[in-house]
Amino acid sequence: MRKTTLLLLLSACGFLSASAQTATKMEAESAAYENCKLVEDGKYSEGKALELTESNAKITFTYGAAESGKYTITVGYDGLYGDKVVNLSVNGNTATFNTTEKGPGEAVVGTYLMSQGDNTIVITPNWTWFRIDYITIANSESTVQFDIAQTPLDAKASDAAKTVYTFLYDNFGKKTISGIMTGDMDKANGDVTQHPDVQAVYQASGKYPALVGFDFMNATGINENDAWYKEYTDKSIALAKDLYRRGGLPAFTWHWRDPSRKTGEFYSNDQVKTPCTVKISEAMNADGSWNTSSDLYANIIKDIDTIADYFLALQELGIACIFRPLHEASGGWFWWGTDGAANFVKLYQLIVDEMVNQKGVHNVIWVWNPCTVNDGDWNPGADYYDVAAIDIYNNAYDYSSNYAAFDKLRSLTNGKKLIALSENGPIPDIDKEFAEDAVWSWWMPWYQTWGGNFVDKTSKEEWTKCMGDDRVITLEDRSAGWDTYTAIQSQKTTTDAIPHLYDLQGRRVSKGQPGRLYIKEGKKVIWK
């Protein structure tokens, strides 16, 4: 996790009227701006741009939409020094984009909902030192439709993994699974409901989350044999077992400590005194293939096999898990993201191939977690993950659905993958999720312990409202456990015949697509 808070700022400025049906270009220098430098250079549109070098810089546009609807925003920029991250919010709903060009370039930020009349568009730095030239706003006529595989990517998936994936598939678009990340394990006693982070959710809402996150960060590395490190992982595994027994979902992250053993860190930047400087390419030959005789490659395989062995032990018990390796790579703050997208992809694929094909791990639902919704180059390939997930930290008490990021992630994966909010601060409001067509498979606030206090970034009123909603799955809803779960249990499959045709996300459709599975009169049918 990187604790970068997205700025959600609203401000008023002048009014520009435009038709919702045509693209509108708005020059940055004509907007209201604060703590920005006006640059005059012939290479920019109208000869001017705004330079953002201060963390409190802000550009505010007001767009007058002729009608309510979805609008795609494109930004003309100059990256100055290359890859930077920029926040863009519309009426308080934020997504990020990357400036990948030194010199003028364009980025399609995403699709936003706008209401008829004034809409406030704010650009602020996530990373500074870039220039904004203009934005264009165009009516969005179409959205990528979901067409998700009904089975996990692993052809040899265990029965438990198939059941968990079916559960995720059946509920996607209809319900969101509640979650929480765990941190401190000092007081863990094997009862997941008594863990301090899980208890924090219970104290705030009166219910327990159905998904609980754990971390393999102490399972490998220079200190892996130290008693405290081993105990931390053992306690996490014990809680995962208890959670699964109760019908919950264990979700593992891996903050992978320096495989070279030169440091004990996973951060590659100044967040730590001795950052990890290892490069993936140091374990490769000149042609980009793995140097299987190198010490670093041997350590990488050793670490992967260590994690595999933990999953294998759970597999023997009939337990399936969610696994999110190599998260937030393009941000560059972790060592696995400092050597470019191509090498990251090779490392991600190596993890999957080693665990699945060499070690026989078949109880994992695989998650690819890009740093931003623009990380197409970092996609390890559709055959290597089941779920695409993103991490979004809104300001405290901001319960946005984050629909702009949801929609961009859907486009990034061509609608072929389940979509989850793998880390967050405040939880999305469940009413907004449905109203704005951004129903995440699950969300998982970061931990309350270790001074995180992320549960407190959602009010008790909002916690109670959302956890008490039938569209949010809690641990109490899973009391029947995994053994009794059957596919499409949320559909009427045995009684009260459904007179219309529905897709597997529960949406009524007028006709089907050939070869696709639907629900008609309470039964699954293949449309011909």
Side-chain angles (χ1 to χ4, degrees), residues 1-8 55 126 178-205 208-209 211-219 221 223 226-236 238-240 243 250-258 263-276 324 327-328 331 333-335 369 371 390-399 421-428 442-463 466-467:
M1 175 211 141
R2 174 176 165 82
K3 299 169 186 170
T4 300
T5 302
L6 298 179
L7 306 178
L8 303 176
S55 61
N126 194 309
S178 61
I180 186 66
M181 181 63 183
T182 56
D184 191 353
M185 288 291 166
D186 287 348
K187 296 180 180 179
N189 62 2
D191 182 341
V192 72
T193 66
Q194 297 306 305
H195 186 279
D197 292 307
V198 178
Q199 266 292 307
V201 174
Y202 181 79
Q203 293 299 323
S205 68
Y208 295 106
L211 178 146
V212 179
F214 306 102
D215 203 326
F216 280 127
M217 64 180 170
N218 295 319
N223 298 308
D226 290 0
W228 184 87
Y229 285 76
K230 292 180 71 65
E231 183 180 76
Y232 184 93
T233 305
D234 289 343
K235 286 182 175 181
S236 298
L239 292 175
L243 176 66
F252 283 91
T253 295
W254 185 17
H255 283 87
W256 188 352
R257 297 188 187 274
D258 187 349
T263 73
E265 302 294 346
F266 38 79
Y267 282 121
S268 60
N269 58 11
D270 58 7
Q271 295 194 55
V272 292
K273 291 181 179 180
T274 55
C276 173
R324 179 179 66 123
H327 62 296
E328 300 176 359
W333 42 81
F334 298 128
W335 67 263
N369 181 194
C371 184
I390 199 74
D391 300 346
I392 301 176
Y393 286 86
N394 293 332
N395 288 333
Y397 314 124
D398 176 359
Y399 312 126
L421 191 57
S422 44
E423 291 184 23
N424 54 282
I427 63 176
W442 70 81
W443 40 249
M444 188 185 75
W446 209 240
Y447 45 66
Q448 178 78 358
T449 56
W450 281 344
N453 298 318
F454 282 96
V455 173
D456 294 342
K457 297 184 185 298
T458 299
S459 70
K460 288 189 175 181
E461 291 75 16
E462 185 69 16
W463 271 116
C466 290
M467 295 290 277

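Fair warning: this is a prediction, and the values are worked out from it, not measured in the lab.
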Option passing ring pair (Phe, Tyr, Trp, His ring centres under 6.0 Å) with W256 (candidates Y267, F216, W335, F266)
W335

Is any side-chain heavy atom of Q448 closer than 4.5 Å to a side-chain heavy atom of D456?
yes

Side-chain heavy atoms of M181 within contact of D215, under 4.5 Å:
yes

W450 and Y232 aromatic ring geometry - parallel, tilted or perpendicular at 30°/60° bounds:
parallel

Of all the heavy-atom pairs spanning G179 and P445, show the shortest one and how long it is.
O-CD, 3.0 Å

State the CD-CH2 distance between E231 and W228, to the nearest 0.5 angstrom.
9.0 Å

Euclidean distance, S178 OG relative to W442 CH2, rounded to 0.5 Å
13.0 Å

Is any side-chain heavy atom of F214 less than 4.5 Å from a side-chain heavy atom of M185?
yes

Between D391 and S422, do the side chains contain an N or O donor and an N or O acceptor separated by less than 3.5 Å?
yes

Compare every heavy atom of P250 with every heavy atom of L243, then report the nearest pair and how far apart it is.
CD2-N, 3.5 Å

Main-chain N/O of G183 paired to D197 side chain as donor or acceptor, under 3.5 Å:
yes

Does some side-chain heavy atom of V212 sit less than 4.5 Å from a side-chain heavy atom of V198?
yes

Which value, rounded to the nearest 0.5 Å, describes the distance between Y208 atom OH and I180 atom CD1?
14.0 Å

Considering only heavy atoms from C-beta outward, does the side chain of K187 approach that of T449 to under 4.5 Å?
no

Donor-acceptor pair, Q199 side chain versus T193 backbone, under 3.5 Å?
yes

Tell me if a side-chain donor or acceptor on T458 pairs with a main-chain N or O of I427 at a distance below 3.5 Å.
yes

For a quick test of reading the model, state the closest non-hydrogen atom pair linking T182 to Y447 and the distance between them.
O-CD2, 3.6 Å

Mind checking whether V455 and W463 have side chains closer than 4.5 Å, heavy atoms only?
yes

May I ask you to test the P428-L421 pair for a side-chain heavy-atom distance under 4.5 Å?
yes

From K457 atom NZ to Y393 atom OH, the distance as rounded to the nearest 0.5 Å:
10.0 Å

Short side-chain to backbone donor-acceptor contact, H195 and D184, under 3.5 Å
yes

Hey, could you give me the CZ/CZ distance between F252 and R324, rounded to the nearest 0.5 Å?
12.5 Å

Gap between atom NZ of K235 and atom CG of N189 - 0.5 Å precision:
8.5 Å

So if I apply the side-chain hydrogen bond (donor to acceptor under 3.5 Å, both in side chains) rule between N218 and each of K230, H255, R257, which one comes out positive?
R257

Would you say the side-chain atoms of N369 pair up with the backbone N or O of H327, donor to acceptor, closer than 3.5 Å?
no

Over all atoms of both residues, closest heavy-atom pair of P426 and A396:
CG-CA, 4.4 Å

